[in-house]
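First comes the structure, then the notes that go with it.
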Amino acid sequence: MTRVSSHIRVVALAACLGAVLAPARSFAQRADSSTEAAARTYNVGIVRADGVLIPFAQFDQGTWRPFWTGVSHSFSPEIPLTLRDVDRDWWRREPPALDWTLWRAEGPLALKASAPRVVSTPCSTEVGLATDLKPAGILPPPHQVPYPKAGLATTALVQFEPIAEVLRNDTDWMRVQRALEDQEFRNAENRALADMHWNHPVEPRLRDRAPIDLQAVWHVTDSRFFYFEAMRRYPDRNPPKGKPPCELVTYVAGYFWEAPSERLRPVSVSALISYCHMERASFLWPLGVIRESARQFWVFQSAGWTGEVYGVTELVPSKGFIRPQLWHVAGRCR
């Protein structure tokens, strides 16, 4: 395994420790009709492996809204000492949400929030909520970023489904690999070069010969979408004197949508061109799907060395497009 690949797998594994994936199956604990679902309001958060809950979104009658504003880029943030000290605006002027359900592949687990708790995020701090979740195994240091997550939590019962990782020997993995090799990797790299106004030191015909290392593919059975992360590495033939070689890397990520013709079409695919340290790269860890009537929302963490974001995106399988609903910046290095 090369140095670049090792670094990337460390980031990806750090994001997923404490979360368990299983073959996709849903927990059908939901509203009984679309009318009732449209009238539902509940909060959504992410639970760290140490049991601290970070609320970040609210589903409010079909619309996603920011919830809780405990992130701070100050070295001396104002920290509420008790639940009574939490600003009412953080709760959207509602009573404190203390009863939560943690959604795991093996089944839901009731959680009780008890008090504010400050945690570290990249170059930042965030105020979360301590819960009665008992951590499993030995926890990493509190300043590790991104910190391992235990899963997604909500204040209402929802129809939840894990987002399954496609295995390397699976037919869908091979289809994504072929789609990237056909042209999409090259197209994404060329778009990034044009945006940078930069000439790549490796000529196009040699870049096309470099193998595409498909890192991960994620899929929900009826979504017709495949999220992927892949990269190409190019040798550093002229490293600075006294310095070890540092490969130039193109990292491409985004979605493929399976059209009615069964062809995979790119959706929101982008590229990052960087040297081997990959300090600006972010890697996705999907927390699961929440279904509301006919709508499906993918909830995920996107994190790397210098930032951590929690997001909600609606995927529309019938039309082949995605609607970003909400982004919560948990931490960012400026």
All heavy atoms of Arg191 vs all of Val269, minimum pair found to be NH2-O, 3.3 Å
Are Gln61 and Arg40 close enough that a side-chain donor and a side-chain acceptor fall under 3.5 Å? no
Work out which heavy atom in Ile322 is nearest to a heavy atom in Ser268; give both atom names and the distance. CD1-OG, 3.5 Å
Any Lys/Arg nitrogen of Asp222 or Arg291 sitting under 4.0 Å from an Asp/Glu carboxylate oxygen of the other? yes
Quick check against the 3.5 Å criterion: does Arg92 have a side-chain atom that pairs as donor or acceptor with the backbone of Pro66? yes
From CG (Leu167) to CG (Asp172), nearest 0.5 Å: 10.5 Å
Let me check something: do Tyr227 and Met174 share a hydrophobic cluster, defined by ILVMFWY side-chain heavy atoms less than 4.5 Å apart, either directly or through other members? no
Flag the pair Thr101 / Leu109 as yes when at least one side-chain heavy-atom distance between them is below 4.5 Å, and no otherwise. no
Check: Phe256 ring centre within less than 6.0 Å of Phe225 ring centre: no
Exceeds 12 heavy-atom contacts within 6.0 angstrom, atom CG of Asn199: no
Would you call Pro55 and Val44 a side-chain contact if the rule is heavy atoms closer than 4.5 Å? no
Donor-acceptor contact below 3.5 Å, side chain Arg48 vs main chain Gly51: no
Beyond-backbone contact of Pro80 with Trp90, side-chain heavy atoms, under 4.5 angstrom: yes
Hydrophobic cluster membership, with links at side-chain heavy-atom distances under 4.5 Å among I/L/V/M/F/W/Y: are Trp198 and Tyr234 in one? yes
Report whether Leu248 and Met196 are members of the same hydrophobic cluster (ILVMFWY, side-chain heavy atoms less than 4.5 Å apart, transitive linking). yes
Just wondering, do Ile290 and Tyr42 contact through their side chains at under 4.5 Å, heavy atoms? yes
Side-chain donor or acceptor of Asp236 paired with backbone N/O of Cys246 under 3.5 Å: yes
Take Cys123 and Arg332, measure what side chain to side chain contact (heavy atoms under 4.5 Å, CB included) needs, and give me the verdict at the end. CA-CA 6 Å; Cys123 298; Arg332 180 178 65 241; over 6 Å; no
Note: Gly331 and Ser124 closest approach over all heavy atoms is CA-OG, 3.5 Å
Decide yes or no on side chain to side chain contact (heavy atoms under 4.5 Å, CB included) for Leu326 and Phe56, but give the supporting numbers first. CA-CA 9 Å; Leu326 182 141; Phe56 70 93; 3.9 Å; yes
Taking the six-membered ring for Trp, are Phe321 and Tyr255 closer than 6.0 Å centroid to centroid? no
Compare all side-chain heavy atoms of Phe185 with those of Thr250 and state whether any distance is below 4.5 angstrom. yes
Are Glu203 and Arg205 close enough for a salt bridge, meaning some N to O gap below 4.0 Å? yes
Heavy-atom closest pair (Val249 atom, Cys276 atom, distance to 0.1 Å) is CG2-CA, 4.3 Å
Exactly one of Trp64, Phe300, Tyr310 should register a ring pair (Phe, Tyr, Trp, His ring centres under 6.0 Å) with Trp327. Which one does? Phe300
Could you tell me whether the side chain of Asn43 and the main chain of Thr155 form a donor-acceptor pair under 3.5 Å? no
Is it the case that more than 12 heavy atoms not belonging to Arg280 sit under 6.0 Å from its CZ atom? no
Separation between CZ (Phe297) and CZ (Arg295), nearest 0.5 Å, reads 3.5 Å
Interatomic spacing from CD1 in Ile46 to NZ in Lys149 - rounded to 0.5 Å: 5.0 Å
Rounded to the nearest 0.5 Å, the CD1 atom of Ile163 sits from the CG atom of Leu287 at a distance of 7.5 Å
Is the shortest heavy-atom distance from the side chain of Val119 to the side chain of Thr125 under 4.5 Å? no
Aromatic plane relationship, Trp68 with Trp91 - under 30° parallel, 30 to 60° tilted, over 60° perpendicular: perpendicular
Can a donor-acceptor pair be found between the side chains of Glu229 and Gln215 at a distance below 3.5 Å? no
Side-chain donor/acceptor of Gln159 to backbone N/O of Ser293, under 3.5 Å: no
Roughly how far, to the nearest 0.5 Å, is CG of Asp182 from CZ of Arg263? 8.5 Å
Answer yes if the side chains of Asn187 and Glu189 hold a donor-acceptor pair under 3.5 Å, and no otherwise. no
Could you check Gln325 against Arg323 for side chain to side chain contact (heavy atoms under 4.5 Å, CB included), going step by step and ending with a plain yes or no? CA-CA 6 Å; Gln325 296 285 339; Arg323 296 191 189 103; 3.8 Å; yes
Identify whether the distance between the nearest side-chain nitrogen and carboxylate oxygen of Arg232 and Asp213 falls below 4.0 Å. no
Tightest non-hydrogen contact, residues Pro324 and Thr313, listed as CA-OG1, 4.0 Å
Between Ala153 and Leu53 the two heavy atoms that sit nearest each other are CB-CD1, 3.9 Å
Under a 4.5 Å cut-off applied to non-hydrogen side-chain atoms, are Leu284 and Gln301 in contact? no
Could you tell me whether a side-chain N or O of Trp257 sits under 3.5 Å from a main-chain N or O of Pro317, the two making a donor and an acceptor? yes
Does the side chain of Asp60 come under 3.5 Å of the side chain of Thr63 through a donor N or O and an acceptor N or O? no
Taking atom CZ of Arg224 and atom CG of Leu264, what is their separation to the nearest 0.5 Å? 11.0 Å
Looking only at atom types and distance, does a side-chain atom of Arg233 sit under 3.5 Å from a main-chain N or O of Pro211, one as donor and one as acceptor? no
Measure the shortest side-chain to side-chain distance between Leu152 and Leu102 over non-hydrogen atoms and say whether it is less than 4.5 angstrom. no
Charged N to carboxylate O under 4.0 angstrom, Arg88 versus Glu94? no
Other residues, nucleotides, ligands: >12 heavy atoms within 6.0 Å of Arg65 CZ: yes
Basic-acidic side-chain contact under 4.0 Å: Arg93, Asp89: yes
Take Ser318 and Val316, measure what side chain to side chain contact (heavy atoms under 4.5 Å, CB included) needs, and give me the verdict at the end. CA-CA 6 Å; Ser318 61; Val316 186; 3.8 Å; yes
Would the His328 and Phe67 ring centres measure less than 6.0 Å apart? no
Show, in sequence, the C-alpha distance, side-chain angles and deciding distance for Glu258 and Arg175, and conclude whether the salt bridge (Lys or Arg N to Asp or Glu O under 4.0 Å) test is met. CA-CA 10 Å; Glu258 184 179 39; Arg175 293 176 65 205; 3.0 Å; yes
With no hydrogens and no angle check, just 3.5 Å: does a side-chain donor-acceptor pair link Thr131 and Trp100? no
Ser282 side-chain N/O to Ser302 backbone N/O, donor-acceptor pair under 3.5 Å: no
